[in-house]
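Quick caveat: nothing in here was measured; it's all calculated off a predicted structure.
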Amino acid sequence: MCCNTFKFAPYFKENTTMRYDFNQIEKKWQDYWAKNETFKASNTSEKPKYYVLDMFPYPSGAGLHVGHPLGYIASDIYARYKRHKGFNVLHPQGYDSFGLPAEQYAIQTGQHPAVTTEANIKTYRRQLDQIGFSFDWSREVRTSDPNYYKWTQWIFIQLFESWYNNNSNKAEHIDTLVEVFKSEGNATVNAACDDDVETFTAEEWNNYSSEQQQEILLKYRLTYLAETEVNWCPALGTVLANDEIVNGVSERGGHPVVRKKMTQWSMRISAYAERLLQGLDTIDWTDALKDIQKNWIGKSVGASVTFNVNGHDEKIDVFTTRPDTIYGVSFMTLAPEHELVSKITTEAQKADVEAYIEKTAKRSERDRMADVKTISGVFTGAYAEHPFSKEPIPIWIGDYVLASYGTGAVMAVPCGDQRDYDFAKHFDIPIPNIFDGVDLSEEAYGSKDNVKIANSDFLNGMNYKKATKRAIYELEQIGQGEGKTNYRLRDAVFSRQRYWGEPFPVYYVNGMPQMIDKAHLPIVLPEVEKYLPTEEGEPPLGRADVWAWDTESNAVVSNDKINNTKIHPLELNTMPGWAGSSWYFFRYMEDAMRDETFASEASLKYWENVDLYIGGSEHGTGHLLYSRFWVKLLKDRGFVDVEEPFKKLINQGMILGTSAIVYRINEAPDFIVSGDVCNNYNNSEKRAETLKLIQSHTGQSLNSIQLDPVHIDVKLVNASDEIDVLAFRSWMKEFGYGHIKFISTKSERDSDTIKVNREVEKMSKRWYNVVNPDDICEQYGADSLRLYEMFLGPLEQYKPWNTAGITGVHSFLKKLWKLYVGQDSLNVNDTEPTKDNLKTLHKTIKKVQEDIENFSFNTSVSTFMIAVNELTAQKCTSKAILEPLLVLISPYAPHIAEELWEKIDNEPSISTAPFPTFDASHLVESSKNYPISFNGKMRFTMELPMDMGKDDIEAAVMAHEKTIAQLDGRTPKKVIVVPGKIVNIVG
RNA sequence: GCUCAAGUGGCGGAAUUGGUAGACGCGCUGGAUUCAAAAUCCAGUUUCUUCGGAAGUGUGGGUUCGAUUCCCACCUUGAGUACCA
C-alpha cells in the first residue's frame, strides 16, 4: 500500500518530453516513416541510383534472434548514408518463403505450409519493423506467391528453350539449333551438350520422328530431363544438389546421402563454367569468396589422350593435366563403374574383377571418402597400347578413380603422381623414371618446376611447359589426343520430391516433357491431403487429385480426365529452394508492371544490378553461383542488360552466443558448483582445498569428483557473470530441479553470488544462449541494438554477443540526448562554434565518412562516443555543430536522430538531409607532440612547433634533459627526424 | 592433404602508405551522490618493478633508424574443398 502513495508524489511529475523515452520515440518515427512512405524508391529520379540489397530471409517459425539482423543493420546504415549523399536508393526486402522446414512442420501437424509461412512472415515483419529499417516494403517479394513464381516458371521455360553455342559463347534460342539441324545436321555444331549425342546428317534429322527429335534436343537444352546419378537422401525423401551436401550428409538435418540413378531435371550450369570463372574478375567481392567459387568450378587445363586397347576395337579416353609425362605411363586405371570394364576383362581375371566391383559397389560414397589410405584394385588382364612407344600397358581397375570426374579413367604415371606411385608400389608395377636426376625411392615427384624430362624420346631435355606443348602437338598429329580443359563444376539437379516449392510448368506426352505456354502461367501448387510421398514412392504432388493438363482449355483439370490425347499428366516434382532466389533481385526493380513482366525493360535499365549485396558466405557455392548463372542466361537471351547480378558483395560474420555454464557434481547430483569452484578444482594447487569445501556441503567424502557442465539461460546472469539465484531456482523448477543446492567460493552456505563460466558457442535454443531482439528493443531501444551490433566488431568477423556490454552504447545515447536536451529546455542555440567545437565536428565527419565507405562500422560508433564526450566537456550548444552531428549519427541511430532533428526546429525527416562536408582547415595544428624514441622505443614526448625544421627539432631534442639521461654519456650514432611524425635516436 | 582467413589486456576490439601499441566500450578497483539500491558523475585499470625504469601484439628468425603492420619457417584456431588424374 505504501508504495502506491509514491505514484502521486510531485517528484515523479517530470516533463516527459524532455526525457529520452526511446520506446515512445522509436514507435513515433517508425509510424511516421510508414505513413509518409519515406523510403519508397522511385524509378524516375534526377538523382543517381544506388541499389542496396540484403539476402532475403527464410521466415522460420523461431523468429529472429539477435544474430540475424547484423547484415540488415549494416546495409541499412549504408542505404541511409547513400540517401544523405544524394542518391536515389533502392533498399527492398522480402521472403524466401518456399522451403523444407515449413514442409516438415506440415507433415507433422497437417497444417498447410502456406498458413504457417504466412504466420511466420507476420512475426518477421513485426520484428524487422521494430528495428527501424529503411526498407521500401511496397516492392516486397515472396517466392511462394503465385504472382512471383509465375515468373520463376517463365524463366524455367526460357532455360528449356535455350542451348549453349560454344562458338558464339552464349546461349541461344533452341530454334536456331533446330535450323542448323535441318540444314546441316549436328556435325558442325559446337554446343554444350550431353556426352552421348550421336552425329547425324540433315537428312537423318528430317526423317526422325518428332519424339526422336525431342529426345535429341533434350541433350542440348540448358535445362534437361535425363537419367543421371543423383544424391538421394532417403530420410528427406528427395534428391539433393552437390552444394546441399556437407561431408557426405545432407546440409539440412545431417542425414545420409546415397548415389542413385534417377530421371531428373538438371541445369546445364557447366556450359557457363568458363564465364562464371572469368566473371569473378569483374566484380568487387572478397578474395575469400572468389576462391571458394574458383575451387568449386575447378578448372584444370591439360589434354585428352586416346589409348587403343590391344585385341579390341575399344578405345580408352583419359584426361590428364600432365601430357608431358606421357612416357612415364606404366599402367592405366579405370573406375570400377567404367563401361569398358566388362568388355575388356579377360576370362582369367573375370572372377576377380567381378568380386572387386561388387565389393566397391557396396561401399557408400562416404566410406570411400573416409577411407583414402587403403589401396585397392584389380588387374583386368587387358592391355592398352602406348600411343608413341606402342608398348603394352596393363589396364587395372581401382576405386581411387572416380567415374564422375573426367572420363572415369586415368593414365597412371607413378613417377609423377603420388596416388599412382602408391598403387604401383602396392601391386609391384614398374615405376619408370622420366625426370632427369630425380630420386624416386621414397615418393613421386609431383612438382612441375626445376626438372627436365628424360627417357621420353622427343620430349627429352624439355621443361614442363615446352614438353606439354610438344606432347599435345604430337598427339594431335597421330589423332590420339588434343588440348583440353576440364571443370569440376557439375550440372545441378533441379528436381525435388517435395510439396512446398514451385511446380514445373511441364506436362508429359508419351513420356516426353512439354512446356505449358507462358500465357497460362502460373501453374499453381495443387492441394493435397498429406504432404508425404505416395505409397508408390511418388513425390507429394502425386497425391493431388486435380493435377492434369488440358491442352484444349489450357487449364489444370482433374486427374481422372487424363486420356493422353488432349489431357496429360503434370510433372510431380517441384523446383529446389534456389530457384526463386536466383532472380529475385530483378523483381524488386519493378514497381508497377509486375503482372505483365518479371521486370520491365525500363526498370531493369534504370536499376541495372545490385550495387551492394550483404549476406552470409554459406551461399558461396549455391545461391551466389546459381544467380550468376541465371543472370548470364537472361543476358544472353536479351531479357536483361547485365552480366553479373551483384557488383559488390560483403559477407557478414555470424554472431555467436555467450553461454553460461555451472557444474553439477556427478557423485552428488543435488549440488551445483559455481564456475570459480570448478576452475579451482581443476587447478592442482587449489584442488585439495576445493574438495574440502565441496565435502563440507555434500557431507560425502570423496577423493575425486566429476563435474558435468550444465548450460543455464543467459537471461539469468548479470554483467558480472553472477546468477540471479531466485530466478534461477524457479527456472530449474520447470525442469524438476527446484531442490538443487549451490556451492560457491564466496560463502559457506547457499550463496547469492554464484558465478558462471562463459563459453562462446553458436546461438541455439539447446545452449540457452539465444537472445531475442524484441527484449533488447524493449529494454534499451532499437537504436541501442543497432549501435551495439555494429560496435561488437568488424562486420565480416565471427564474434560473440554478450548483452552485458549493451549498457555502453545505451548510455552513449543518453549522453547524446543530454547534449541537446536539458532538464526543462533545449540546449541548442545559435552560439558561434568554438575552434575546439569545429575541430571535434570535422574530425568526426572525416572519420565516419571513411568508416562507412570501408564498412568499418564498429569504429564509427567509438568515434561518435568520442565526439559526444568531447562536445559535452566543451559544453557545446552551437546549432552549427549539433545539427550536422545528427546527420552523421542518423544512419546508425535513426530514431533519436529524427527526434532531435525535429526538436531543434527542423522539418522532418532527417533521412535526406545532406551529409556534412569535411573541411580540413579545422584540423590544422600549430604544434606537434613529438614522440621521442631511442632505438625505436618511445621514451617520452615533447611539444614542438609544427613548422620547426629538421635541424632545429634535432637540436631541441638533444638538449632535453631526458635525452641526456637516456643517453647516459653515450654519443648517438644517428638521429632520425621525420618532421610532423617522430624522432628516433640510435645509439 | 590442398586453398584461404585469423592469432593483440580479464572480455569485445582499435592502431588503413611501417612512425607514441592497447582507442572506444564491457568488466574490475576506489571515491562522490543516496537511509539504501538503481541511475549518474569522478579517478584508476597490459605485465613486471628496487618506483629510476624495463618488458610486451601466437613461436623462432629476417629486412629496417624504427615492425601488430613487410618477408621466411613453424604452432594454434576457424572456413572451404577433398582419391579432380
Colleague: Quick one: side chains of residues 975-983 of chain A, donor-acceptor pairs under 3.5 Å with protein atoms, not counting sequence neighbours, listed by atom name and distance.
Modeller:
none

Colleague: Within the side chain of A/Asn651, is there an N or O that forms a donor-acceptor pair under 3.5 Å with the backbone of A/Gly615?
Modeller: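 Checked: pair present.
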Colleague: Within 45 degrees of the axis of the six-membered ring of A/Trp801 and under 6.0 Å from its centre: does A/Arg758 put its NZ or CZ there?
Modeller: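 That pair does not qualify as a cation-pi contact.
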Colleague: Would you mind reading off the distance between A/Phe307 atom CZ and B/rA85 atom C1', rounded to a whole angstrom?
Modeller: 12 Å
Colleague: Defining pairs by Watson-Crick or G-U wobble geometry with both distances under 3.5 Å, how would you list the stems of RNA chain B with at least three pairs each?
Modeller: B:1-7 with B:75-81, B:10-12 with B:24-26, B:27-32 with B:40-45, B:46-48 with B:53-55, B:58-62 with B:70-74
Colleague: How does protein contact run along nucleotides 49-60 of chain B, one letter per nucleotide 5' to 3', with B for base contact, S for sugar-phosphate only, - for none, heavy atoms under 4.0 Å?
Modeller: -----SSB----
Colleague: Restricting to nitrogen or oxygen on both sides, can you table the protein-nucleotides 5-14 of chain B pairs closer than 3.5 Å?
Modeller:
from: B/rG12; atom 1: O2'; to: A/Leu792; atom 2: O; distance (Å): 2.5
from: B/rG13; atom 1: OP1; to: A/Gln797; atom 2: NE2; distance (Å): 2.7
from: B/rA14; atom 1: OP1; to: A/Asn858; atom 2: ND2; distance (Å): 3.0

Colleague: If I take atom CG in residue A/Asn295 and atom C1' in nucleotide B/rG1, what distance separates them, rounded to the nearest angstrom?
Modeller: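 Rounded to whole Å, this separation is 14 Å.
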Colleague: In Å and rounded to the nearest 0.5 Å, what is the CZ to CG distance from A/Phe812 to A/Asn869?
Modeller: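 Spacing of CZ (A/Phe812) from CG (A/Asn869) equals 8.5 Å.
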Colleague: If I pick the C1' atom on B/rC74 and the same atom on B/rG27, what distance separates them, to the nearest angstrom?
Modeller: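 Each nucleotide's C1' atom is 35 Å from the other's.
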Colleague: At a cut-off of 3.5 Å, list every protein nitrogen or oxygen paired with a nitrogen or oxygen from nucleotides 28-31 of chain B, distance to 0.1 Å.
Modeller:
from: B/rC28; atom 1: OP1; to: A/Ser720; atom 2: OG; distance (Å): 2.2

Colleague: A/Ile866: what forms a side chain to side chain contact (heavy atoms under 4.5 Å, CB included) with it, not counting sequence neighbours?
Modeller: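 Partners of A/Ile866 by the side chain to side chain contact (heavy atoms under 4.5 Å, CB included) criterion, ordered by chain and then number, come out as A/Glu870.
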Colleague: Can you check the distance between B/rC26 and B/rC41, where both ends of the measurement are the P atom (answer in whole Å)?
Modeller: 10 Å
Colleague: Mark yes or no for whether A/Asn718, through its side chain, and A/Ser720, through its backbone, hold a donor-acceptor pair below 3.5 Å.
Modeller: yes
Colleague: Under the 3.5 Å rule, do the base of B/rC65 and the side chain of A/Asn984 count as making a donor-acceptor pair?
Modeller: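 Answer yes: a donor N or O sits under 3.5 Å from an acceptor.
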